[in-house]
2 protein chains.
Amino acid sequence: MARTTGSDGGRTEAAVREAAVSLIARQGYEAMSMRQLAAEVGVQAAALYRYFPTKEELLFTIMREHMEGLGEAWQKARPAGPDPRERLSAYVRNHIAFHIKRRHATHVSNMELRSLSPDRLTQILRMRTAYEKELRAILRDGAEAGVFSIEDTGLTAMALIQMMTGVIVWFRPGERLSVAEVTATYLSMTMRLVGATTHTGEERDVHEHAQLRS
Amino acid sequence: MARTTGSDGGRTEAAVREAAVSLIARQGYEAMSMRQLAAEVGVQAAALYRYFPTKEELLFTIMREHMEGLGEAWQKARPAGPDPRERLSAYVRNHIAFHIKRRHATHVSNMELRSLSPDRLTQILRMRTAYEKELRAILRDGAEAGVFSIEDTGLTAMALIQMMTGVIVWFRPGERLSVAEVTATYLSMTMRLVGATTHTGEERDVHEHAQLRS
DNA sequence: GAATTAATTGAACGTTTGTTTTATTATGGC
DNA sequence: GCCATAATAAAACAAACGTTCAATTAATTC
C-alpha cells in the first residue's frame, strides 16, 4: 500500500532503465506497456512516474545516453596520429565493440526514432550525424592522401556504417564466431571496400588474407 | 449508413494495402490504428474487416507479398551463365533496384517482424533465408573458382545485404544521386569487398574507378 | 422489376492504454 | 523517538484500442 522495505530510488531507476531497454528492444516501444515494464521491475506502474515524467521521456533518455556513450567511447578510442588507415581501423573496432556490447540499446536507438517528438528526434539525429561525420572525415583525409580509393565519401560512409551496425542483427555471443574473429573479418572487408593501400607496400592493392573459413 | 455508390471491393482492398504499407512504414505497426488506416482509405474501420480478418493478418499479407516479389524479381534477373562476377553483379543490381522501388514495404518487412506470431514469423524468415542463400552460393562459387577472395562466406553475405538494404534508410529519389549512380558505386564497393578479379586481367586486384565525387 | 449478393455504415463491446491523485509506509537526520 | 521526506501502492480517469453486430443501401442477376 505504500513504501516497501528496502526500497531505494537509485536502484529502482537503474532497474527501470535496464528493463525498459530490454523490453523495448524485444517488443518495440509502442508494444511495451508501462504496466508490463513495472511488473518486470517488480513495482506498480505509478512508481515509474517518480523517475520519468512520461513514457516518451523514458525512451528519449535511453537513446540520448546511448548516443552520448557512443561518442565518448570514440573520443577515448580515437588515435592521436594522423594516419587514415589507423584512424579507420580504430573507428571500425570501436563501432563494432560498442554495438555488440550494447546490442539492445542500439536496437532501440535505431528502430524507435519515429516514436520521438520532432524536437527530440532532432536532438538524437544531431548526435548521430556528429558521430558519422568523424567517419566521413577519415575517409576524406585518406582519399586526399592517396591511401584510400573512394568514389563518394558520403555514400561510402553510409555503406560502412550500415554494414558494421548490421552485426547486431545476426551476431549472438557464444555462437560460431567470437567478437575478435568478427571484428577482424569486418576490418579486412572495410579496408578492401575503401581500397586501402597496404601499410608496407607502395602499390595500391587489396589486403590479402588467408582463407580461414568457406 | 450502408453501401456507398461506386464502391468496389477490389479497389478498396488495394487501397487498404497501399495505405497500410505507407502508414506502417512511417509510424510503425503498433502505432497505426485501424481507425486511422480506415480514415486514410476514406472508409469506416469496420469495412477493413471485410478484407483482412485481423490487423496482424494484414501485416502478414503485406510482408509475404513483398518477400514473394523479391524472390520473383531475382528469378527473372538471374543470369543464365555461371560466371560468379556476373551473377553477383546481377544480384546487387536487382537488390538495390527492388528495395529502392519498394522502400516502404521493405521497411515494414524488416522492422515489424516482431509483431508477427511465431509461425507467421517462421514463414517470412524462411523466405528471407532462401533469398540470402542465393547470395551465399554465388560467393562460395566465386571463392572456389578463385575469382573472389573471401574470408567467411556467411559473414560476407550478411555484410553485403546489410550494406545494400541500408540504401533505403538514406536514399531519397531526386536528391543528390540518381539510382543509377548509387547502383554503380555500390557495385564497385561490392566487387572490392569480395576481392573480385577484374574481368580481363589475370592478376588479383581491385576494380579501379575514376574519382567522381569527394 | 424482384431477388440476391456485395459493400459499407454506425453503434457498441470489453480491454487496455498512459497518466494522475490520494493515501500510506519506510527511511535518514536530529 | 520524532519529523520531514522519499518511495511506493491502490484506485481511478478518460481516451483509445481491435473487433463484432445488425442494419442499410448499391450493384448484379435473372
Side-chain angles (χ1 to χ4, degrees), chain A residues 1-24 26-63 108 112 114-118 120-121, chain B residues 1-24 26-63 108 112 114-117 120:
Chain A
M1 331 195 164
R3 179 166 194 172
T4 55
T5 62
S7 63
D8 173 4
R11 257 207 310 277
T12 304
E13 177 167 357
V16 170
R17 269 183 160 80
E18 285 174 38
V21 168
S22 170
L23 276 177
I24 297 176
R26 281 180 295 161
Q27 323 187 341
Y29 169 77
E30 298 279 355
M32 177 200 75
S33 78
M34 295 300 266
R35 284 171 180 83
Q36 186 186 11
L37 172 58
E40 195 87 358
V41 177
V43 102
Q44 287 294 320
L48 303 175
Y49 289 83
R50 192 145 253 281
Y51 307 99
F52 301 97
T54 63
K55 190 185 177 187
E56 197 205 319
E57 188 73 40
L58 168 59
L59 175 64
F60 178 65
T61 301
I62 289 171
M63 288 187 171
V108 173
E112 306 295 348
R114 59 190 167 200
S115 297
L116 291 176
S117 69
R120 293 212 178 96
L121 174 61
Chain B
M1 328 201 168
R3 180 166 193 171
T4 53
T5 61
S7 61
D8 174 3
R11 256 207 311 277
T12 303
E13 177 168 356
V16 170
R17 268 183 160 80
E18 284 174 38
V21 168
S22 169
L23 276 177
I24 297 176
R26 280 180 296 161
Q27 321 187 343
Y29 170 75
E30 298 279 356
M32 177 199 77
S33 77
M34 294 301 266
R35 285 172 179 83
Q36 185 187 11
L37 172 57
E40 195 85 357
V41 178
V43 100
Q44 288 293 320
L48 303 175
Y49 289 83
R50 188 148 254 280
Y51 307 100
F52 301 96
T54 63
K55 191 185 177 188
E56 198 205 318
E57 188 73 41
L58 168 59
L59 175 64
F60 178 65
T61 301
I62 289 171
M63 287 186 171
V108 173
E112 306 294 348
R114 60 189 168 201
S115 296
L116 290 177
S117 68
R120 293 211 177 97

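Bear in mind the structure is a predicted one, so any value in this text is a computation, not a measurement.
Rounded to whole angstrom, the span from the OH atom of A:Tyr51 across to the P atom of D:dA6 amounts to 11 Å. For the pair B:Leu58 CG and D:dT19 P, the computed distance is 10 Å after rounding to whole Å. Taking atom CD of residue A:Gln36 and atom P of nucleotide C:dG18, one finds them 9 Å apart after rounding to whole Å. Distance CZ (B:Arg11) to C1' (C:dT8): 14 Å, rounded to an integer number of Å. One atom, CD of B:Glu30, and another, P of D:dC17, lie 12 Å apart when rounded to the nearest Å. A:Lys55 places its NZ atom 19 Å from the P atom of D:dA15, with the value rounded to the nearest Å. Distance B:Met32 CE to D:dA16 P: 17 Å, rounded to the nearest Å. Rounding to whole angstrom units, CE of residue B:Met34 and P of C:dA11 are separated by 20 Å.
In this structure, A:Thr54 OG1 and A:Leu58 CG are separated by 8.0 Å, a value rounded to the nearest 0.5 Å. Taking CD1 of B:Ile24 as the reference point, atom CZ of B:Arg26 lies at 11.0 Å (rounded to 0.5 Å).
Distances shorter than 4.0 Å separate some side-chain N or O of B:Gln44 from OP1 or OP2 on C:dG10. Residue A:Ser33 places at least one side-chain N or O under 4.0 Å from the OP1 or OP2 atom of C:dT17. In this model, the phosphate group of C:dG18 is not approached by any side-chain N or O of A:Thr54 to a distance below 4.0 Å at OP1 or OP2. A:Thr12 has no side-chain polar atom (N or O) that falls below the 4.0 Å cut-off from OP1 or OP2 of D:dA7.
Relative to the side chain of B:Tyr49, the nucleotides C:dT17, D:dT20, D:dC17 differ in distance, and D:dT20 lies closest. Distance from the side chain of A:Ala46 is smallest for D:dA11 among the nucleotides D:dA11, D:dT19, D:dT8. Distance from the side chain of B:Arg50 is smallest to C:dA7 among D:dA10, C:dA7, D:dA6. Minimum atom distance to the side chain of B:Ala47 is reached by C:dT8, of the listed D:dC17, C:dT19, C:dT8.
Look at B:Glu112 and A:Arg114 and you find a salt bridge, because one of the NZ, NE, NH1 or NH2 atoms lies within 4.0 Å of a carboxylate O, short of that distance.
Checked by atom type, the side-chain pair B:Gln27/B:Gln36 shows a donor-acceptor distance below 3.5 Å.
The side-chain heavy atoms of A:Tyr29 and B:Glu30, taken from C-beta on, include no pair separated by under 4.5 Å.
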